[in-house]
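Heads up, the thing below is written out as structure tokens.
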Amino acid sequence: KQWYKRRVRENRLEVVSIRETAMSPIEVATEDMLRKNEEFDTVLRSGKGYDGKIDVKMLQMLIQGAIGTTVNQGPLEIIETFLGESARKPDVISDRYLRFRSRLRYQCKMFLENCKDALEENKNIIAMNQADYQREMEENLKRFKLAVA
């Protein structure tokens, strides 16, 4: 028999400080949309592998998570809650609230652009057997834009 020895080293980092921040719902929504946009940026712009190609599975997973019929309530709900006609406004509208509302509006605009770019990129790299998936996602994007408008 041949034995294999494996050494396991555990490195633990010392916690230097802990910082907790209380955030308002609009701040959390803005951070959430920012994170979604960063994921798109990672896959679309810097996610290309050594061969210069985009990770198709990761791209499709992001598209599905962003505008798929069963999961799009996250971004859609954020938009309707904070930017829609029936958005509940705080009793006192502060400069901070308006600043975050403006940031959220920008992040949502970037989100829609990223979804469009991702679908365009996906269209260029998919196999013929995924044409139905592409059409379905394009229709979902159209419905999503209508709901946001």
Side-chain angles (χ1 to χ4, degrees), residues 1-126 130 133-134 136-138 140-141 143-145 147-149:
K1 285 186 170 180
Q2 194 174 19
W3 293 91
Y4 176 74
K5 264 189 179 177
R6 188 176 87 175
R7 288 188 180 149
V8 177
R9 268 179 53 186
E10 289 186 26
N11 290 335
R12 295 191 178 230
L13 299 175
E14 181 182 342
V15 176
V16 178
S17 67
I18 296 175
R19 187 181 79 176
E20 290 184 18
T21 306
M23 297 172 71
S24 68
I26 195 165
E27 290 173 287
V28 173
T30 304
E31 290 291 318
D32 189 35
M33 293 303 288
L34 175 66
R35 211 172 9 258
K36 289 177 189 310
N37 284 327
E38 287 173 349
E39 289 174 354
F40 273 111
D41 284 341
T42 300
V43 171
L44 288 172
R45 287 153 192 90
S46 61
K48 295 184 177 182
Y50 63 90
D51 56 357
K53 294 182 180 175
I54 289 179
D55 183 355
V56 180
K57 287 184 181 181
M58 186 61 136
L59 178 67
Q60 290 179 349
M61 187 176 75
L62 277 176
I63 292 169
Q64 183 67 34
I67 58 174
T69 54
T70 57
V71 245
N72 71 349
Q73 285 300 50
L76 187 60
E77 194 67 31
I78 287 172
I79 291 167
E80 288 175 356
T81 302
F82 295 106
L83 302 175
E85 290 295 319
S86 62
R88 184 177 177 277
K89 309 282 189 290
D91 296 332
V92 178
I93 296 179
S94 65
D95 287 340
R96 182 179 172 92
Y97 175 82
L98 293 175
R99 212 172 34 248
F100 273 98
R101 186 176 160 100
S102 176
R103 287 181 190 167
L104 181 59
R105 186 176 289 115
Y106 174 76
Q107 290 300 327
C108 290
K109 180 181 172 187
M110 294 307 301
F111 179 76
L112 286 172
E113 285 298 315
N114 282 330
C115 288
K116 189 180 110 198
D117 293 346
L119 277 174
E120 197 61 39
E121 189 68 41
N122 190 57
K123 187 179 197 175
N124 295 332
I125 57 178
I126 60 170
Q130 292 179 317
Y133 170 80
Q134 179 70 22
E136 181 183 340
M137 290 299 110
E138 287 172 354
N140 287 345
L141 182 61
R143 282 194 294 271
F144 189 82
K145 283 182 178 179
V148 170

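With contacts defined as side-chain heavy-atom distances shorter than 4.5 Å, the pair Arg143/Asn140 qualifies. Residues Asn122 and Tyr133 meet the side-chain proximity criterion, which asks for heavy atoms closer than 4.5 Å. Under the 4.5 Å side-chain criterion, counting only non-hydrogen atoms from C-beta, Glu39 is not in contact with Met61. The side-chain heavy atoms of Glu120 and Leu44, taken from C-beta on, include no pair separated by under 4.5 Å. Taking 4.5 Å as the limit, some side-chain heavy atom of Gln134 sits within range of a side-chain heavy atom of Glu138.
Gln60 and Gln64 form no side-chain donor-acceptor contact under 3.5 Å, judged by distance and modelled atom types alone.
Here the shortest heavy-atom pairing between Phe82 and Tyr97 reads O-OH, 4.5 Å. The shortest heavy-atom contact between Ile79 and Cys108 is CG1-SG, 3.4 Å. Nearest heavy atom pair, residue Cys115 against residue Leu141, reads CB-CD1, 3.9 Å. The two residues Val43 and Asp55 come nearest to each other via the heavy atoms CG1-O, 4.4 Å. When every heavy atom of Phe144 is checked against every heavy atom of Ala66, the shortest pair comes out as CE1-O, 4.4 Å.
Within 6.0 Å of atom CG in Asp95, 12 or fewer heavy atoms from other residues, nucleotides or ligands are found, so the atom counts as exposed in its surroundings.
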Would you be so kind as to tabulate the donor-acceptor pairs closer than 3.5 Å made by side chains of residues 22-36, with sequence neighbours excluded?
{"from": "Ser24", "atom 1": "OG", "to": "Glu27", "atom 2": "N", "distance (Å)": "3.4"}
{"from": "Ser24", "atom 1": "OG", "to": "Glu27", "atom 2": "OE1", "distance (Å)": "2.9"}
{"from": "Glu27", "atom 1": "OE1", "to": "Ser24", "atom 2": "N", "distance (Å)": "2.7"}
{"from": "Glu27", "atom 1": "OE2", "to": "Arg96", "atom 2": "NH2", "distance (Å)": "2.3"}
{"from": "Thr30", "atom 1": "OG1", "to": "Ile26", "atom 2": "O", "distance (Å)": "2.8"}

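Formation of a donor-acceptor pair under 3.5 Å by the Asn114 side chain with backbone atoms of Met110 is found in this model. Listed for the Ser102 side chain is no donor-acceptor partner under 3.5 Å among the backbone atoms of Leu98. Side-chain atoms of Asn37 come within 3.5 Å of backbone atoms of Gln107 as a donor-acceptor pair (strictly under, hydrogens ignored).
Judged by a 6.0 Å distance limit and a 45° cone about the ring axis, Arg103 is positioned over the six-membered ring of Phe100.
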Step-by-step side chain to side chain contact (heavy atoms under 4.5 Å, CB included) determination, Ile78 to Leu104: CA-CA 9 Å; Ile78 287 172; Leu104 181 59; 3.9 Å; yes
Please report the C-alpha distance between Lys116 and Lys145 in whole Å, then the side-chain angles of each, then the deciding distance to 0.1 Å, and finally whether the side chain to side chain contact (heavy atoms under 4.5 Å, CB included) criterion is met. CA-CA 10 Å; Lys116 189 180 110 198; Lys145 283 182 178 179; 4.2 Å; yes
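Annotation: the span from Leu119 atom CG to Met137 atom CE amounts to 8.0 Å, rounded to 0.5 Å.
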